[in-house]
Amino acid sequence: MSDCIFCKIARREIPSEIVYEDDEIIAFKDIQPLAPVHLVVIPKSHLRSLNDVTSEYEALMGHLLGVIRRLASEFGVAESGYRVVTNTGTDGGQVVGHLHFHLLGGQALNAKIG
């Protein structure tokens, strides 16, 4: 998608603080962090939300979750704990129409949802 902000980040058309990249995944620091560690991890291919993930993307999703686990370790939050969040659709709080996962950690996180 030519106008998707996360696609533009993946294509390096918009600067961001990239912390990980391979052929399928890119991860960068959130520009409005909600925790000391707040990364956004996305597939480079444009999927609007988790609703677009079919069986053909199972390997990609497994790889993405593995990257999140490694990033949690690299950023020093694996032992103390971290949260992984994806929002789907308007009611789910999704703001950017590109599947993405937030990795949050580095402090005690409120257990309340909503």
Side-chain angles (χ1 to χ4, degrees):
M1 300 218 62
S2 61
D3 62 341
C4 171
I5 190 167
F6 286 171
C7 287
K8 289 179 179 182
I9 289 172
R11 291 191 305 263
R12 307 275 183 134
E13 295 172 5
I14 295 176
S16 67
E17 196 171 342
I18 295 170
V19 297
Y20 176 86
E21 182 175 16
D22 65 28
D23 291 341
E24 299 177 302
I25 307 287
I26 192 163
F28 48 91
K29 291 186 176 181
D30 196 293
I31 60 169
Q32 295 179 315
L34 300 176
V37 174
H38 187 168
L39 307 177
V40 179
V41 185
I42 66 168
K44 287 183 174 180
S45 55
H46 184 82
L47 297 166
R48 272 180 315 179
S49 73
L50 204 52
N51 287 337
D52 289 348
V53 176
T54 60
S55 59
E56 71 182 280
Y57 296 108
E58 287 177 3
L60 175 64
M61 292 298 101
H63 175 55
L64 189 143
L65 291 173
V67 167
I68 289 172
R69 182 192 54 78
R70 287 192 301 277
L71 288 170
S73 181
E74 288 175 22
F75 279 80
V77 298
E79 293 300 317
S80 60
Y82 56 96
R83 181 175 294 164
V84 178
V85 178
T86 188
N87 300 321
T88 302
T90 304
D91 285 354
Q94 186 175 6
V95 176
V96 178
H98 185 120
L99 177 63
H100 59 285
F101 295 80
H102 296 268
L103 166 60
L104 300 118
Q107 69 183 37
L109 300 170
N110 184 338
K112 182 179 177 186
I113 297 175

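Heavy-atom basis, side chains included; hydrogens, waters and symmetry copies ignored. Just so you know, these numbers come straight off a predicted model, no measurement behind them.
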Would you say the side chain of Asn87 lies within less than 4.5 Å of the side chain of Val95, judging by non-hydrogen atoms? no
In chain order, what residues pass the side-chain contact (heavy atoms from CB on, under 4.5 Å) check against Thr54, with sequence neighbours excluded? Glu56, Tyr57
Starting at CZ of Phe6, measure out to CD1 of Ile14 and round the result to the nearest 0.5 Å. 9.5 Å
Point-to-point distance, once rounded to the nearest 0.5 Å, from NE2 of His46 to SG of Cys4: 5.0 Å
Which value, rounded to the nearest 0.5 Å, describes the distance between Leu60 atom CG and Lys44 atom NZ? 11.5 Å
Closest non-hydrogen atom pair, Gly105 against Ala35: O-CB, 3.5 Å
Can you hop from Tyr82 to Val37 via hydrophobic side chains spaced under 4.5 Å? yes
Euclidean distance, Leu50 CG relative to Leu99 CG, rounded to 0.5 Å: 6.0 Å
Start with the C-alpha distance between His98 and Leu47, add both sets of side-chain angles, then the distance that settles side chain to side chain contact (heavy atoms under 4.5 Å, CB included), and finish with yes or no. CA-CA 6 Å; His98 185 120; Leu47 297 166; 6.0 Å; no
Is any side-chain heavy atom of Phe75 closer than 4.5 Å to one of Val19? yes
If hydrophobic clusters are built by linking Ile, Leu, Val, Met, Phe, Trp and Tyr wherever their side-chain heavy atoms come under 4.5 Å apart, do Val53 and Ile42 end up in the same one? no
Keeping the roles fixed (side chain from Arg83, backbone from Asn110), state whether a donor-acceptor pair exists under 3.5 Å. yes
Sequence neighbours excluded, the answer for side-chain hydrogen bond (donor to acceptor under 3.5 Å, both in side chains) partners of Glu13 is Arg11
How long is the straight-line distance from NE2 of His100 back to OG of Ser49, given to the nearest 0.5 Å? 10.5 Å
Of all residues at least two apart in sequence or in a different chain, which pass the side-chain hydrogen bond (donor to acceptor under 3.5 Å, both in side chains) check with Gln107? none
Can you name the side-chain hydrogen bond (donor to acceptor under 3.5 Å, both in side chains) partners of Asp52, sequence neighbours left out? Arg48
Does Leu103 belong to the same Ile/Leu/Val/Met/Phe/Trp/Tyr cluster as Val85, with side-chain heavy atoms less than 4.5 Å apart forming each link? no
Kindly list each side-chain donor-acceptor pair under 3.5 angstrom involving residues 62-74, sequence neighbours excluded, with atom names and distances?
unit_1, atom_1, unit_2, atom_2, d
His63, NE2, Asp22, OD2, 2.6
Arg70, NH1, Gly66, O, 3.4

CG of Leu39 to CD1 of Ile18: how many Å apart, nearest 0.5 Å? 12.0 Å
Please list every donor-acceptor pair under 3.5 Å in which a side-chain atom of residues 23-31 meets a protein atom from a residue at least two apart or in another chain.
unit_1, atom_1, unit_2, atom_2, d
Lys29, NZ, Glu17, OE2, 3.2
Asp30, OD1, Gln32, N, 2.7
Asp30, OD2, His38, NE2, 3.2

